[in-house]
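This one's a predicted model, so the numbers in the text were calculated from it and none came from an experiment. Atoms considered below: every heavy atom in the structure, side chains included; atoms not considered: hydrogens, waters and symmetry mates.
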Amino acid sequence: MSQPAQPQRRRALTGIKPTGTPHWGNYFGMIRPAIELAESTDAFYFIADYHALTTVREAAALQRDSREITAIFLACGLDPRRSVLFRQSDVPEVTELSWMLSCVTGLGLVQRAHAYKDAQAKNVELNFGTVTYPVLMAADILLYDTDVVPVGKDQVQHLEMARDMAGYFNMQFLGEPCTDEAGRWTGRGLKRPEAMVREATAVVPGIDGEKMSKSRDNVVPIFGSAGALKKRVMAVVTDSKPLEAPKDPTTCNVVALYKLFATTAEVEELSDRYRAGGYGYGHAKLALLEKARSHFEPMQERYDRLIAEPDTLEDVLVDGARRAREVALPVIDRVREATGLPRRRSAR
Ligand code: ADP
Ligand code: TRP
């Protein structure tokens, strides 16, 4: 008797730029939810090295940061046999799709991007790569017929733009939205993706209470020496209430960060101590430090091992790129055909 057909798994895809050391915001906002998605989806992850070129000017730094992120994903639990981990630039067809999307996208759309508006407001001159950043990002997503994109809240606008660009492409080249009455993709043109944002970790605060971000000096790196971690945690900003005074757990940065690691019951217990008084911010910081250490310790050990094996990391990326290209090449051919460009010779 034949087996019933397995329903096709949805494809999840996400990317991260190799620009600086990843931090708790990246981990809780993106890396961990993305890795968890490998349970239920066909998961693709990539190192956005083309995107990094909008800012990075040091070849050695680009290579070092790319290796570091590869090691972090693996250390945090990504299984490279089950999921696909690759470098964006190893599938250069993404720049081809980016060009096609830029031909159907109005300037007004990219001018609405937060990064573009911020630079305008500050009167900073932008390079053209930064202006077209959302177009390359849309190509990253659309090249793999992606269903769902796990990201932090700051990337939701880019996801909306990717959906819009898929729509423009379909309408302009094929004259139809490429969905049926129920809104399901028909397999023609480009598939429109959805963003997936975890509300609980949509915006991880930094040690100053603002959004944790490389560009504000408020991050706690995922990995590093015990001393460096302690220094960052001890630097979390609080008010100056004395040890005896009752404190408000709902407005405290230490509690906000503790929530990332602790169970609801543990957060309640800490909150009770705050309200009762006789419990200082120093105590709370040590409790946070302990939680963070035990959370990251097993991963740190794996990370230290992996980062010392650049050849292993490279092998994972090369194999990932081969599998990613198997998905990308038929999409590129479909897109070329829709535009009237010849299919690639190898596909004819
Ligand atoms: P940064 O803001 O430090 O430059 P990136 O822009 O490289 O970080 O972000 C990489 C990924 O991590 C994105 O999916 C982003 O949404 C997520 N992310 C970054 N910072 C945070 C944060 N503070 N809270 C939640 N998610 C975050
Ligand atoms: N723009 C994303 C960031 O700054 C990185 C990124 C590039 C990305 N291409 C992507 C994320 C495609 C998700 C899907 O974090």
Would you say [X] and [Y] make side-chain contact, with heavy atoms under 4.5 Å?
X      : Y      : answer
Trp24  : Val219 : no
Val84  : Tyr144 : no
Leu143 : Glu96  : no
Val267 : Leu270 : no
Asn170 : Pro177 : no
His295 : Tyr27  : yes
Leu101 : Leu190 : yes
Ile72  : Ile16  : no

task: I would like to know whether Asp333 and Arg336 meet salt bridge (charged side-chain N to carboxylate O under 4.0 Å, His left out); could you show each step before the answer?
output: CA-CA 5 Å; Asp333 272 324; Arg336 290 181 69 118; 5.1 Å; no
Which heavy atom of [X] sits nearest to which heavy atom of [Y], and what is that distance?
X      : Y      : answer
Gly282 : Met234 : O-CE, 4.3 Å
Met212 : Pro205 : CE-O, 3.4 Å
Asn26  : Pro22  : OD1-CA, 3.3 Å
Ser66  : Thr70  : O-OG1, 2.7 Å
Pro18  : Asp65  : O-CB, 3.4 Å
Pro150 : Thr14  : O-OG1, 2.9 Å

- prompt: Taking only residues two or more places apart in sequence or in another chain, which ones pass salt bridge (charged side-chain N to carboxylate O under 4.0 Å, His left out) with Glu269?
  reply: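 Salt bridge (charged side-chain N to carboxylate O under 4.0 Å, His left out) check on Glu269 returns Arg273.
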task: Return the set of residues passing salt bridge (charged side-chain N to carboxylate O under 4.0 Å, His left out) with Glu194 (not counting sequence neighbours), or none when no residue passes.
output: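 With sequence neighbours excluded, Glu194 shows a salt bridge (charged side-chain N to carboxylate O under 4.0 Å, His left out) to Arg10, given in chain and number order.
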Donor-acceptor pair, side chain of [X] and main chain of [Y], under 3.5 angstrom:
X      : Y      : result
Thr186 : Cys178 : yes
Thr105 : Ser102 : no
Asn253 : Val236 : no
Gln157 : His114 : yes
Arg323 : Ser83  : yes

Could you state the interatomic distance from [atom1] ([X]) to [atom2] ([Y]), rounded to the nearest 0.5 Å?
X      : Y      : atom1 : atom2 : answer
Arg198 : Met30  : CZ    : CE    : 12.5 Å
Asp49  : Phe86  : CG    : CZ    : 10.0 Å
Lys241 : Asp248 : NZ    : CG    : 7.0 Å
Lys122 : Lys117 : NZ    : NZ    : 13.5 Å
Glu68  : Ile222 : CD    : CD1   : 9.0 Å
Glu309 : Glu314 : CD    : CD    : 13.5 Å

message: For Ser294, give me all partners under side chain to side chain contact (heavy atoms under 4.5 Å, CB included), at least two apart in sequence or on another chain.
response: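 Result, side chain to side chain contact (heavy atoms under 4.5 Å, CB included) vs Ser294: none returned.
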task: Would you confirm whether the ring centroid of Phe73 sits within less than 6.0 angstrom of the ring centroid of Phe46?
output: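 Ring centres of Phe73 and Phe46 not closer than 6.0 Å.
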query: What do you reckon, is NZ of Lys230 surrounded by more than 12 foreign heavy atoms closer than 6.0 Å?
result: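 Counting neighbours around NZ of Lys230, 12 or fewer heavy atoms of other residues, nucleotides or ligands fall under 6.0 Å, so no.
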- request: Assess whether atom CZ of Arg81 is packed by more than 12 heavy atoms of other residues, nucleotides or ligands within 6.0 Å.
  value: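 Not more than 12 within 6.0 Å, no.
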query: Should the pair Lys247 and Tyr281 be classed as cation-pi, given the thresholds of under 6.0 Å to the six-membered ring centre and 45° from the axis?
result: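 Cation-pi check for Lys247 and Tyr281: passes.
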- prompt: Does Arg11 count as lying over the ring of Phe44, i.e. NZ or CZ under 6.0 Å from the six-ring centre, within 45 degrees of the axis?
  reply: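 Geometry flag: set, cation within 6.0 Å and 45°.
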Does [X] belong to the same Ile/Leu/Val/Met/Phe/Trp/Tyr cluster as [Y], with side-chain heavy atoms less than 4.5 Å apart forming each link?
X      : Y      : value
Leu341 : Val331 : yes
Ile307 : Ile31  : yes
Tyr45  : Met196 : no

message: Quick test of your reading: applying salt bridge (Lys or Arg N to Asp or Glu O under 4.0 Å), list the pairs with at least one residue in residues 167-182, sequence neighbours left out, ordered by first then second residue.
response: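 Checked against salt bridge (Lys or Arg N to Asp or Glu O under 4.0 Å) - neighbours excluded - the pairs reaching residues 167-182 are Glu176-Arg188, Asp180-Arg184.
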query: What pairs of residues pass the salt bridge (Lys or Arg N to Asp or Glu O under 4.0 Å) test when at least one of them lies in residues 152-173, not counting sequence neighbours?
result: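 Output for this query lists Asp154-Lys211.
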task: Determine the interplanar angle of the Phe173 and Phe169 rings, folded into 0 to 90°, and report it as parallel if under 30°, tilted if 30 to 60°, perpendicular if over 60°.
output: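 Answer is tilted, since the angle falls between 30° and 60°.
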- prompt: Which pairs with one or both residues in residues 217-228 pass side-chain hydrogen bond (donor to acceptor under 3.5 Å, both in side chains), sequence neighbours excluded?
  reply: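 Sorted pair list: Asp208-Asn218.
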- request: Examine the side chains of Thr130 and Asn127 and answer whether a donor and an acceptor come within less than 3.5 Å of each other.
  value: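 Looking only at side-chain atoms, Asn127 and Thr130 do form a donor-acceptor pair, the distance falling under 3.5 Å.
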query: Of Thr146, Ile141, Asp147, which meets side-chain contact (heavy atoms from CB on, under 4.5 Å) against Lys191?
result: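 The option that passes is Asp147.
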